[in-house]
Amino acid sequence: MPQVSLCFTGHIEGELGLGPLQGTDSRWQRPDQERSDQATFSQRREANAPMAEKTRAATMDKITALCKRRGFVFPGSEIYGGLANTWDYGPLGVELKNAIKQLWWKTFVQRRRDMVGLDGGILMHPRVWEASGHVVNFNDPLVDCKTCKSRFRADHLIEEKLGIHAEGKTPDEMTALLREANLPCPKCGNRTLTDARQFNMMFSTTIGPVEESGTKVYLRPETAQAMFVQYKNILNTGRVKLPFGIGQIGKAFRNEITPGNFIFRDIEFEQMEIEYFARPEETADLFDAWIDAMWNWVDLIGLRRENVHVREHAKEELSHYSSRTIDFEYLFPEPMNWKELYGLASRTDFDLARHQEYSGEDLTYFDQPTGQRFLPHVIEPTFGVDRTFLVLLLDAYDEEETVDVNGKPDTRIVLRLHPRVAPYKAAILPLMKKPELAAVAHELFDRIEAETSYLVDYDETANIGKRYRRQDEIGTPFCITVDYDTLEDRAVTIRDRDTTSQQRVAIDEVVNFLREHVG
Ligand code: GAP
């Protein structure tokens with residue numbers, strides 16, 4: 001029987017070891033509390049990938065390729081030649097997405113006593129979208145090229161080609177800028193762009209067997225409206241009192257003129273939204289509290305703070321319902337630069353007032369402490385699931401120059417995802433495909449499965465070095481190797497993804513180890 005001995009600090013595949021960890025970094029501490037597990041993760045990551053000293057490894061092309069290679073995201077309907085700008089989330093993608101959604105739900109709905117949840121329908125009464133203003137206002141300005149028939153967002157074209165921030169300008173104002181610059185079509189080069197005109201972004205469909213006599217309905221372009229429409233039912237059944245919020249996760253659909261940049265701008269995507277109802281005089285302070293809560297979320301999922309900033313919307317940029325909006329923007333790789341990741345808007349009583357007017361239902365709130373009746377005002381923190389997914393990968397992607405077992409230069413691709421969001425929290429790897437090792441490995445797998453909620457991978461194919469590399473590339477924070485010594489000492493080797501350091505841990509302690517390090 002072959003005996004392979006693993007020592008405490010050695011490296012099974014001869015990976016490069018890294019020096020001792022450096023001091024803590026305050027950027028990683030949440031504003032309201034220090035998290036020792038967060039600091040540990042950040043220490044490890046900073047020790048291995050000091051961003052100031054090395055250029056950022058991630059590009060959109062590399063992330064798109066990794067997503068396909070490792071089963072995170074596949075192009076939609078690929079065997080039929082694909083359907084432009086549609087994507088399917090594969091086995092690892094669905095786990096990462098679920099990890100994001102579960103963490104968000106726990107953080108913002110289950111752990112807060114001022115929040116309740118909702119799962120509204122995608123199809124709603126068509127009047128909802130008249131009341132919300134989407135039928136009239138949910139437009140993007142577009143220009144067509146008369147020669148090659150390509151279509152572009154007028155505001156994006158002005159921003160990219162003329163360096164003028166154009167969001168919020170009217171089509172006439174955009175047309176004037178385009179005419180003055182006499183811009184060529186970015187695709188065919190002819191100066192044959194049309195004037196800017198508005199294009200409604202809602203997808204419609206029909207309820208009923210015959211299109212002509214059926215009811216035209218829209219696929220919801222945001223999850224928000226169900227929370228306004230069901231506000232009264234929640235008030236009557238949920239035993240909620242101001243200020244309180246409703247949270248929802250679900251799909252939204254937008255007929256984007258220029259989707260793209262992988263999953264950054266999709267036509268079908270998921271949102272995690274909150275409508276937070278409050279007394280009008282409370283909203284300014286609550287807006288600030290929600291800024292802090294959103295920063296806490298950024299920290300919780302392990303994004304680097306230097307890649308996120310807040311941008312206040314100028315007056316002319318504000319949506320029709322908003323009195324104040326800020327965007328949390330993320331620094332995407334060139335040429336995208338800073339783009340919206342999340343939004344926070346003060347929606348006043350616009351939505352409730354409109355739904356009250358259009359439905360004829362009384363949506364006022366009776367405030368017992370003051371004896372007053374009024375329409376609550378609303379703060380809306382909104383988060384895109386797919387954008388969170390994308391920035392987690394961009395932020396975590398790293399390439400490390402190393403040497404292989406033969407001493408040749410090699411590149412280790414590693415996703416330094418926070419363990420909290422990593423699809424697999426650990427992988428169990430019997431050193432060889434042998435029944436006696438598999439028996440112990442299965443026992444450990446079953447134990448983790450029974451005692452925690454962590455998803456754990458099991459892999460006994462290929463050599464151990466290749467298996468480590470696969471786990472590095474999919475962001476698994478810990479590899480647990482079962483070897484022949486395990487049969488004697490009932491201990492396993494746990495390898496840290498970020499440092500590649502290894503330590504021997506008793507089988508009985510593995511669950512505790514994971515609880516301590518995953519969080
Ligand atoms: N209820 C307000 C609302 O829908 P939004 O800024 O249009 O506001 C909220 O969208 C979030 O949804 C964005 O911050 C972004 O994360 C995500 N999102 C919006 N459009 C998207 C698209 N076409 N593809 C992917 N995510 C999108």
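As the structure lists them, so they are numbered: ligands from 1, and atoms in each ligand from 1.
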*Going by heavy atoms, is F328 under 4.0 Å from ligand 1?*
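Heavy atoms of F328 never come under 4.0 Å of ligand 1.
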*Would Q225 count as a contact of ligand 1 if the rule is a heavy atom under 4.0 Å away?*
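No; Q225 lies far enough from ligand 1 that no heavy-atom distance drops under 4.0 Å.
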[X]-ligand 1 polar pair, N/O distance under 3.5 Å:
X    : value
P221 : no
G384 : yes
Y321 : no
E222 : yes
D266 : yes

*Examine the proximity of ligand 1 to L341 and report which part, side chain or backbone, both or neither, has a heavy atom under 4.0 Å away.*
backbone
*Report the part of E268 (side chain from C-beta onward, or backbone N, CA, C, O) that has a heavy atom under 4.0 Å from ligand 1; answer both or neither where that applies.*
neither
_Intermediate values then yes/no, side chain to side chain donor-acceptor pair (under 3.5 Å), D386 and Y89_ = CA-CA 10 Å; D386 311 75; Y89 287 81; 2.6 Å; yes
Tell me, which protein residue and heavy-atom name are nearest [atom], and how many Å apart are they?
atom                    : result
atom 3 (C) of ligand 1  : E273 OE2, 3.6 Å
atom 10 (O) of ligand 1 : Q271 NE2, 3.3 Å
atom 6 (O) of ligand 1  : E340 OE2, 2.9 Å
atom 8 (O) of ligand 1  : T382 CG2, 4.1 Å
atom 19 (C) of ligand 1 : R254 NH1, 3.5 Å
atom 25 (C) of ligand 1 : F264 O, 3.2 Å

Subset of ligand 1 atoms that lie under 4.0 Å from at least one heavy atom of [X]:
X    : answer
E380 : 1 (N), 2 (C)
E256 : 22 (C), 23 (N)
A224 : 1 (N)
Y342 : 14 (O)

_If only side-chain N and O atoms count, and only distance matters, is there a donor-acceptor pair under 3.5 Å linking E95 with N98?_
no
*Between S319 and S322, a side-chain donor and acceptor under 3.5 Å*: no
_As a test of understanding, state which of F72, F74, F262 forms a ring pair (Phe, Tyr, Trp, His ring centres under 6.0 Å) with W87._
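That would be F262.
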Review item, side-chain donor-acceptor pairs of residues 328-338, under 3.5 Å, at least two apart:
residue, atom, partner, partner atom, Å
E329, OE1, H309, NE2, 2.8
E329, OE2, R311, NE, 2.9
Y330, OH, R56, NH2, 2.7
Y330, OH, D395, OD1, 2.4

_Just to verify, which of K251, R387, K101 counts as forming a side chain to side chain donor-acceptor pair (under 3.5 Å) with E270?_
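It is K101, the one option of K251, R387, K101 that forms the side chain to side chain donor-acceptor pair (under 3.5 Å) with E270.
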*Would you check if the side chain of E160 reaches a backbone N or O of L157 as a donor-acceptor pair within less than 3.5 Å?*
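Judged by distance alone, no pair lies under 3.5 Å.
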_Taking CZ in R373 as the centre, count heavy atoms belonging to other residues, nucleotides or ligands within less than 6.0 Å. Is the count above 12?_
yes
_Can you tell me if E312 has over 12 outside heavy atoms packed within less than 6.0 Å of its CD?_
yes
*By side-chain hydrogen bond (donor to acceptor under 3.5 Å, both in side chains), which residues pair with K169, not counting sequence neighbours?*
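Applying side-chain hydrogen bond (donor to acceptor under 3.5 Å, both in side chains) to K169 gives none.
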_E399 and K62 ion-paired at < 4.0 Å_ =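 Result for this pair is yes, salt bridge flagged.
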*With a 4.0 Å cut-off, would you call D140 and R197 a salt bridge?*
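No.
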_Best match, F253, F269, F138: closest heavy atom to atom 26 (N) of ligand 1_ =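 Looking at heavy atoms only, the winner is F269.
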